[in-house]
Visitor: 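My structure is below; once you've seen it, I'll send some questions.
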2 protein chains.
Amino acid sequence: MSQPPANPPGSRFVDDYLLYLLARASHLISAEFHDQLRRRGISVPVWRVLASLVGSSGETVTGLAETCLLQQPTMTKLLDRMVRDGFVKRTQDAKDRRVVRVALTTRGEVTAADLVQAAKQHEAEVMARHPEAEALAIKTLLRAIIARQTRPRRG
Amino acid sequence: MSQPPANPPGSRFVDDYLLYLLARASHLISAEFHDQLRRRGISVPVWRVLASLVGSSGETVTGLAETCLLQQPTMTKLLDRMVRDGFVKRTQDAKDRRVVRVALTTRGEVTAADLVQAAKQHEAEVMARHPEAEALAIKTLLRAIIARQTRPRRG
DNA sequence: AGGCGATGAATGCATTTTCATGCTAATCGG
DNA sequence: CCGATTAGCATGAAAATGCATTCATCGCCT
């Protein structure tokens, strides 16, 4: 464990800062699932793209970037790699020739389907672990989530 | 605006996925404040370190990394830059010579104080804009936040 | 005391991300 | 229909990040 600081606990600015609580809760909960991705050799951005393309017949690069919380040039390069690795394919849009439509390949669909199932199961576990997630005020609730996520690695 | 996909809206997997809703809500709300940081020439990781060090007499590198949601080597390199830019200073821990204590310089304190004030004001605006943030179920609530954050840039 | 695993921080290299910019296609105004 | 503007995507150099590893110190245990 890391040596806690000389700062009285609970007094830090960040611990009462909504944006930080959101980021931290998101980070902590996601970290669990990211471990699963890691074991399968899938990076987080790749997973986000796969998840975004499930059930779609073709998304734009910019649209994907926004969905995946990435910038457009980052998405372009990520898609380069995903095309190279056989997860997605690019096609020209029929109506607007500036637009590139991105869709899953067969391999991409298989991988995405597997991961989505794992994600749903993980989500169910998370919801089961945080029953108040359906009823409590967000800040209090996120704080509780953070506390529970932080310490008890085993249930 | 990006041409919405050929996918029926509201049907995407990610739009009902807790981890995505958390990440997206966090990203969207934070993006507002990150704009303010940008105008002042402060990067997000630097802001996080500054905010983490306010009121502290010295945090460890590993502790800061965890607080700032970064990995330890990333934090080491970030601190290199922040030392170079005069925001923080490193000192040896008295008891444990492995430990490096990181603290704000005077410049760091001034910058941090300014930013913390801006952050608090922004947080108040966010809370005012999302009154249910104190009473609603998280998923429904986050979804509402996302919807409101996404479209209406002006209130 | 002395060896040993564990902890804290730093480093090096490969990969990824960012920022600014360029290019092509579509749209708008006259 | 033409010129100007905007939207969508790609690119290139610089910066940041991730990952594995290394180095130093500490705590423990006999």
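All heavy atoms count here, side chains included; hydrogens, waters and symmetry mates do not. In this text the structure is predicted, and so the values were computed from the model without any measurement. Just so we're on the same page: letters track the sequence lines, and every chain starts at 1.
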Visitor: Take atom CZ of R81(A) and atom C1' of dA10(D), then tell me their distance rounded to the nearest Å.
Guide: 14 Å
Visitor: How about R81(A) and K77(A): do any of their side-chain heavy atoms sit closer than 4.5 Å?
Guide: yes
Visitor: Can you tell me how far C1' of dA16(D) sits from CD of Q71(A), to the nearest Å?
Guide: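 After rounding, the reported distance stands at 13 Å.
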Visitor: Taking the side chain as C-beta and beyond, is there a heavy-atom pair between L21(B) and R24(B) under 4.5 Å?
Guide: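 They are not in side-chain contact.
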Visitor: Measure CZ/R90(A) against P/dG8(D) and give the value in whole Å, please.
Guide: 16 Å
Visitor: Answer with yes or no whether the hydrophobic clustering places L79(A) together with L69(A); edges join I, L, V, M, F, W, Y residues whose side-chain heavy atoms lie under 4.5 Å apart.
Guide: no
Visitor: Considering only heavy atoms, which members of residues 72-80 of chain A lie under 4.0 Å from some atom of DNA chain D?
Guide: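 Here the set is Q72(A), P73(A), T76(A), K77(A).
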Visitor: May I have the distance from E66(B) (atom CD) to dA9(C) (atom P), rounded to whole angstrom?
Guide: 12 Å
Visitor: So, are D114(A) and R40(A) salt-bridged, with charged N and O less than 4.0 Å apart?
Guide: yes
Visitor: Checking E59(A) against S56(A): is there a side-chain donor and acceptor pair closer than 3.5 Å?
Guide: yes
Visitor: What is the separation between atom CZ on R48(A) and atom C1' on dT17(C), rounded to the nearest whole Å?
Guide: 14 Å
Visitor: Looking at the base of dT25(D), is there any donor atom on it, or on the side chain of R97(B), that sits under 3.5 Å from an acceptor on the other one?
Guide: no
Visitor: Mind calculating the distance between CG (D35(A)) and P (dC19(D)) to the nearest angstrom?
Guide: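 About 11 Å, once rounded to whole Å.
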Visitor: I need the CG-C1' distance between L69(A) and dT17(C), as an integer number of Å.
Guide: 15 Å
Visitor: Please check the phosphate of dG8(C) (OP1 and OP2 only) for any side-chain N or O of R101(B) closer than 4.0 Å.
Guide: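 No, outside the criterion.
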Visitor: Does a donor on one side chain sit under 3.5 Å from an acceptor on the other, for R12(A) and T67(B)?
Guide: yes
Visitor: Rounded to whole Å, please give me the gap between CG in D96(A) and P in dT6(D).
Guide: 17 Å
Visitor: Measure distances between side-chain N and O atoms of R98(A) and base N and O atoms of dA7(D), and say whether any donor-acceptor pair falls under 3.5 Å.
Guide: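 When only heavy-atom distances are counted, R98(A) does reach the base of dA7(D) through a donor-acceptor pair under 3.5 Å.
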Visitor: So which one's nearest nucleotide on DNA chain C is more toward 5', K95(A) or L70(A)?
Guide: L70(A)
Visitor: Within the 3.5 Å criterion, strictly below it, is a donor on Q72(A) or T76(A) matched to an acceptor on the partner's side chain?
Guide: yes
Visitor: OP1 or OP2 of dA9(C) less than 4.0 angstrom from a side-chain nitrogen or oxygen of T62(B), does that happen here?
Guide: yes
